[in-house]
Structures are given as structure tokens and as C-alpha cells.
Amino acid sequence: MPVKVSVIVPVYNPGIYIEDCISSLQRQSLPPDEFEVIFVDDGSTDQTPARLDALAAEDPRMKVIHQENSGWSGKPRNVGIEASRGEFVMFVDNDDYLGDEALERMYDYGVANGADVIVGKMAGKGRGVPVELFRRNHPRATVENAPLIDSLTPHKMIRRAFLDRIGLRFPEGRRRLEDHVFIAEAYLRAENVSVLSDYVCYYHLRRDDGSNAGFERFDPVGYFKNLREALDVVERYTEPGPVRDRLFRRWLRVEMVERLRARRFLKLPDDYRRELFAEIHQVVVERFGPGVAAGLQPTQQVVAALTAADRYDDVVAFAEWEAGVAPKAAPGDIEWRDGSLRIGFTAEYRSAGEPMAFPADAEAAPLADVPKDVTEAVRWVASETAARFGQATADLLLRERSSAAQYFQPVEFTREAVPAGDGEQVRLVLRGTATVDPAALPAGGVWDALVRVKLGGWTKECRLGPAPREDRPAPGVGVVGGRTALPYWTQPHGNLSLEFGTRGKRLGLGRVRLSDVTVSGRRFQVPLPLHVPVATEVRLRLVSRSRFFDAAGLLSPAPDGAGSVLEADLSVEDLSNGVWRVALCPTPGGEQARFTGLPFALRASDGRLQVVEVPRPGVALRLARRARRVLGRARRTVSSRIRTGGK
């Protein structure tokens with residue numbers, strides 16, 4: 001069959017970090033004869049060349065090209081393009097990895113929409129990735145109708161015939177931002193760009209050793225020389241006006257202004273800060289007209305204006321003020337309703353730990369001139385933020401803890417100006433309620449709740465919490481879409497998270513009392529602290545000494561809307577001759593079903609069920625269990641000492 005996708009991986013001394021990349025490529029759902037992987041080894045000096053040769057020898061999908069070191073990723077990617085046989089090429093870095101269905105989903109989506117470029121949803125582990133771009137799918141995206149320009153890394157799938165038709169290749173040599181030059185031209189010349197946002201395709205990692213190429217401190221002179229080349233591409237393929245200004249604004253905002261803000265700027269050594277500032281100042285006055293900075297948020301406009309005016313000391317002072325600004329999100333009511341988890345919250349910005357106050361009667365006014373000092377700059381930012389309060393938004397994101405995959409949840413919110421102090425100032429508060437459908441999230445994992453606040457010049461995230469211990473609502477476990485979901489408060493910080501696959505004590509079944517159980521003939525009923533939106537079949541396991549059997553049960557929503565009711569019809573004959581402990585599996589699990597014991601037992605007498613206490617294990621059994629626990633702890637201690645060399 002023809003090759004659909006050629007994956008091109010430039011490689012240079014990745015060490016163990018290439019293993020996740022290799023594993024993810026071998027797990028791809030695209031049939032093995034429909035894709036190939038081309039590793040281009042750019043003169044690695046570690047064990048990677050031998051590792052790749054062995055891999056290629058055992059897996060026909062994997063190919064290796066060895067070359068002398070070229071200094072950067074541009075040439076290896078170009079070599080991979082020339083060697084590729086696929087309809088599309090997909091660029092992956094050697095220390096990143098793909099979602100298991102990434103190639104199949106991106107290829108099918110691109111073909112369905114006639115795309116030359118397909119941008120797959122990204123997750124960042126220890127590094128930032130675009131967020132707004134992946135709010136929803138964009139089958140036909142352009143630089144005008146979607147924030148494509150926010151994603152300029154090369155990790156895209158691109159039609160090979162398109163690259164050949166326009167003669168597009170990566171700039172080569174030891175240089176920065178070669179991907180900006182390449183991707184910007186691809187966006188501007190493609191017939192169509194499609195953005196796939198409902199599946200995490202690409203996992204972008206920051207290495208533990210901090211040696212990702214993009215995290216090394218750069219030479220400002222060379223860096224901004226290369227940045228000018230990306231600006232040249234935009235000028236070549238756009239006309240002067242709002243679209244060009246919007247595209248230029250991305251580089252002004254991300255590569256310049258954001259480097260001069262708050263803690264990111266302050267943590268740099270002073271001599272390097274001054275060198276960086278000088279180069280940014282030069283680009284701003286050379287290349288950007290007034291329409292570029294005018295579209296920035298208020299804080300960004302202030303930094304851009306001070307930079308253009310060459311006022312380094314004021315940029316530092318403004319960064320010191322802004323470093324104390326952060327959002328705060330407090331949880332409200334949290335409850336299960338109709339199979340969804342409704343999460344209430346309030347959010348506002350704080351400065352130096354205290355709620356920020358803004359002018360009550362503020363009116364929008366452009367930044368007519370460079371602020372004379374930082375006090376005036378802060379005053380203008382506060383006034384402009386209050387005037388733009390009608391544009392403020394609050395979102396709730398769920399971020400999976402291990403993979404960093406994140407998804408926006410539907411939110412309804414209101415804006416409220418709360419009087420502060422003498423009445424001439426107000427606090428700007430956002431009150432929201434998010435609706436989380438667990439069935440719509442990928443299975444498994446722990447998901448942390450974050451609130452993303454856009455207000456004036458800031459777009460920042462914070463964890464939802466902490467909640468005071470006495471005020472933390474406890475909605476309990478939901479059984480939705482064939483799996484359990486537990487909202488809980490982290491320890492010791494008290495932030496909200498959502499755990500899938502909950503079992504054991506965390507189900508809360510231990511709170512059931514014998515007096516809660518009712519029996520009638522061979523049927524028993526018991527209320528449980530599990531939320532179910534509709535009647536749900538569950539499995540029961542009844543155990544008596546070495547005997548057990550399974551039975552069917554039914555979980556139905558409780559009449560009062562709180563929790564559920566478990567009902568089961570049992571054969572009295574099956575329960576003869578013994579006391580039977582009862583365990584519940586609230587979700588389908590096949591051979592992997594996990595049962596959790598209920599704190600009561602059943603016994604048949606005179607043709608009827610009786611509820612009795614769970615029999616305590618004998619002394620010998622208790623001692624055996626204790627011995628197993630002690631032995632297990634000892635084994636773990638020995639293993640830990642072996643791994644750490646006895647330390």
C-alpha cells in the first residue's frame with residue numbers, strides 16, 4: 001500500500017529521552033504498512049546511533065540516515081523530507097512523543113478537509129503550548145479566522161506535494177527560529193490549514209536535564225537577526241494593514257514583550273537583561289508601526305511603549321510591580337447533577353496577595369504617550385482594565401496530571417464589580433459555574449481543575465482552591481459512562497481534582513450502616529453515596545470462606561437526588577450454609593473487575609434474607625495478613641536501598 005505519512009525525527013544526543021518517542025511511534029494505530037519513520041542522526045556522539053541501527057534492523061517501518069553534525073535541526077528535517085515516500089510528512093522532535101492515534105486521526109482529518117497543513121492538539125509537560133488555538137476543531141483555519149500564528153513550532157503534518165510545489169524547506173545551519181520561517185510561510189501559502197483539537201496528538205516535553213535546544217540561553221544579536229527573517233516572510237506574503245499588524249503582534253508579544261515582563265525578566269542577570277533589552281528595542285523601532293502595539297493588552301502596551309522609548313530602568317520597575325499580580329480562584333458549590341459535575345467558583349486578580357482595586361468610574365482611553373513613570377503606567381493599566389471588564393472571561397480547564405493533556409469545560413459566568421474601600425474603587429470579580437461531563441474526557445488518570453482568567457492585560461491560570469477544610473463540599477463518587485469519577489481535595493493544599501477509576505475505600509462505601517439495609521424476601525436494598533444519572537447495572541460478588549458467586553445488581557438514582565439505591569434479587573438457595581460478605585463492582589471490568597466490600601453480610605434463614613455484621617477474620621488469618629504487610633514493607637525498603645546505592 002502507498003505510504004500515507006512519513007514521520008521525520010531529527011536526532012542529536014537524546015540519550016534515554018528518545019525511548020518515549022520510539023515507543024509512541026511503534027504504538028501508532030495507523031496500519032504498519034501505511035507509515036514510515038525516518039530518523040536523521042545529525043552526528044550524535046552518544047549511544048543513539050547504535051540504538052537506532054538496531055531498531056531499524058528489527059522494525060521495517062524504521063529507517064535511519066546518519067550524517068555529520070550540521071549544528072541545528074533544519075538540515076536533518078530537509079534530509080528527511082527528501083528521503084520521504086509519504087503523502088504527508090510529520091515532524092517530531094527526538095525528546096517528544098505522539099498520542100497513540102495521532103497519525104491516523106491527523107491524516108484522516110487532513111484528507112477529509114483537503115488540508116495542506118494539519119495542526120494537532122498539543123500538551124506541554126514542563127513547557128508552554130498554545131491554548132486558545134485548541135478550544136475547538138477548525139477544519140478550515142486561516143491566520144485571519146484562528147490564532148494559527150500562536151503555534152509556530154514545526155510539529156505539524158504537511159502535504160509533501162505542497163512543500164515541493166512551493167519549494168519550501170527549512171533554513172539550515174546553526175541558527176534560531178528556523179521553524180518560525182518555515183511554518184509562517186506554510187500557513188500563508190497553504191490552500192487550507194486544519195486544526196484538530198479533540199485529541200491530544202503531540203506531547204511537547206521539557207527534559208529533566210534542561211538540555212532542550214529551545215531552553216538554552218541564546219545570543220540576543222543572532223536570535224533577533226533570525227527573528228527578522230520570519231518578519232520578512234510575513235511582509236513577502238501579506239499587504240500592509242490589519243492582517244500584517246496582527247501577525248507581527250505575535251512576535252512583539254511572545255518573543256519580545258513577554259521576555260521583558262515580571263519574574264521571567266527579573267530572574268535574568270542584569271548584564272544579560274540589558275543586552276536582551278537593547279536588541280528588542282532595536283527591532284521594535286525598526287520594524288513595527290503603531291498599529292502593531294495598539295492591539296496588545298494594556299500591560300503589554302506599557303512594556304512595548306517603554307521599550308520603544310529605550311527606558312530600561314522603568315521596564316525593570318514595571319516588571320517588579322507586575323510580578324506580584326496573580327489570579328485567585330475560590331471554589332463554590334460542587335454537586336453532581338444529571339450525570340455531570342457542576343463546579344462553582346469565583347475568581348479575581350490579587351496584587352502582593354491582596355485583592356486588586358480598580359477605579360469605579362473608569363473609561364477606556366488609548367495610551368496616547370509613553371507613561372512618564374511607573375506610577376502613571378500602573379494607574380493607566382488599572383483604569384483600562386476596569387474599562388474593559390465587560391470583555392473579561394473565566395474558563396475552567398481540566399489538566400491530566402501525568403500527560404498534561406487539557407480540555408476546556410463549558411462555563412457560564414457573570415461579571416461583578418464589588419465596592420472596595422471608600423466606594424471610589426471596586427474589585428473585579430468573575431463568578432462562574434462549569435459543567436463537567438466525565439464521559440467526554442479521555443479515560444483514566446487524575447485531572448486537576450484550573451481556572452483561566454482573562455482580565456485587562458493578563459491571561460493567567462491558577463488551581464481551583466484552596467478551600468477551607470470546614471467549607472469543602474463533598475459531592476461523592478459519580479458512576480458515569482461506565483466508569484467512576486471522584487472529585488476530591490488534594491492534601492495538604494486543598495485544591496480540586498477529579499480522579500477516574502476510583503475504587504476501594506475512596507468509593508465511600510464504608511459509611512453504609514447495617515440499619516440502612518432493607519430486605520424483603522430475597523431482595524435487598526441499600527442507599528449508597530454513589531451518583532448515577534440513570535439506572536445502571538452493576539456486579540455483586542458474594543464470598544463465604546473459599547466459596548464465591550457473582551450476581552447482578554441495579555444502581556438507581558435516589559428519589560431525593562442524593563446518591564443512589566442498590567437493589568438485587570438473590571437466590572436464597574445460593575446463600576445457604578454460610579454468612580456471605582457482599583462486594584460491589586460499580587463499573588464493567590471483565591476479568592479486571594475491581595470489587596469493593598460493603599460493610600454488611602447476608603445470610604439465608606427460613607427462606608428469607610437476613611442482614612448481619614461482617615464476620616471478623618480469625619486470629620490466625622489476622623496474623624498472616626499482618627506478616628504479609630511487614631514482609632512487603634521490608635522488600636520495598638531493600639529494593640529502594642539497592643536503587644539508591646544504599647543511601
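The residues of the chain are indexed from 1 along the displayed sequence.
Closest heavy-atom contact between Arg140 and Asn113: NH1-O, 3.5 Å. Taking every heavy atom of both residues into account, Glu235 and Arg244 meet most closely at O-NH2, 3.1 Å. Across every non-hydrogen atom of Ser194 and Ala115, the tightest pair is OG-CB, 3.4 Å. Met106 approaches Ile118 most closely through the heavy-atom pair CE-O, 3.5 Å. The shortest heavy-atom contact between Asp95 and Leu205 is O-CB, 3.6 Å.
Between Arg159 and Asp116 there is a salt bridge, since a side-chain N of the basic residue sits under 4.0 Å from a carboxylate O of the acidic one. Note on Glu144 versus Arg246: no salt bridge recorded, every NZ/NE/NH1/NH2 to OD/OE distance being 4.0 Å or above. Look at Arg236 and Asp232 and you find no salt bridge, because none of the NZ, NE, NH1 or NH2 atoms lies under 4.0 Å from a carboxylate O.
By the 6.0 Å contact criterion, CD on Gln26 is enclosed, its count of non-hydrogen atoms from other residues, nucleotides or ligands being greater than 12. Other residues, nucleotides and ligands place no more than 12 heavy atoms under 6.0 Å from the NZ atom of Lys225. Surrounding CD of Glu286 are more than 12 heavy atoms belonging to other residues, nucleotides or ligands, all under 6.0 Å away. More than 12 heavy-atom neighbours from other residues, nucleotides or ligands sit within 6.0 angstrom of CD on Glu82.
At least one cation-pi condition fails for Arg259 and Phe265: the charged atom is not both under 6.0 angstrom from the six-membered ring centre and inside a 45 degree cone around its axis. With a 6.0 Å cutoff to the six-membered ring centre and a 45° limit on the axis angle, Lys156 does not count as a cation-pi contact of Tyr187. A cation-pi arrangement is absent between Arg176 and Phe218, since the terminal nitrogen or guanidinium carbon is not both under 6.0 Å from the aromatic centre and inside a 45° cone about the axis.
No donor-acceptor contact under 3.5 angstrom links the side chains of Gln297 and Trp458, judged on distance only. Between the side chains of Arg261 and Thr299, a donor-acceptor pair is found at a separation under 3.5 Å.
Checked against a 6.0 Å centroid threshold, the rings of Phe170 and Phe91 count as neighbours.
Using a distance-only test at 3.5 Å, with no hydrogens or angles considered, no donor-acceptor pair links the side chain of Asn13 to the main chain of Ser44.
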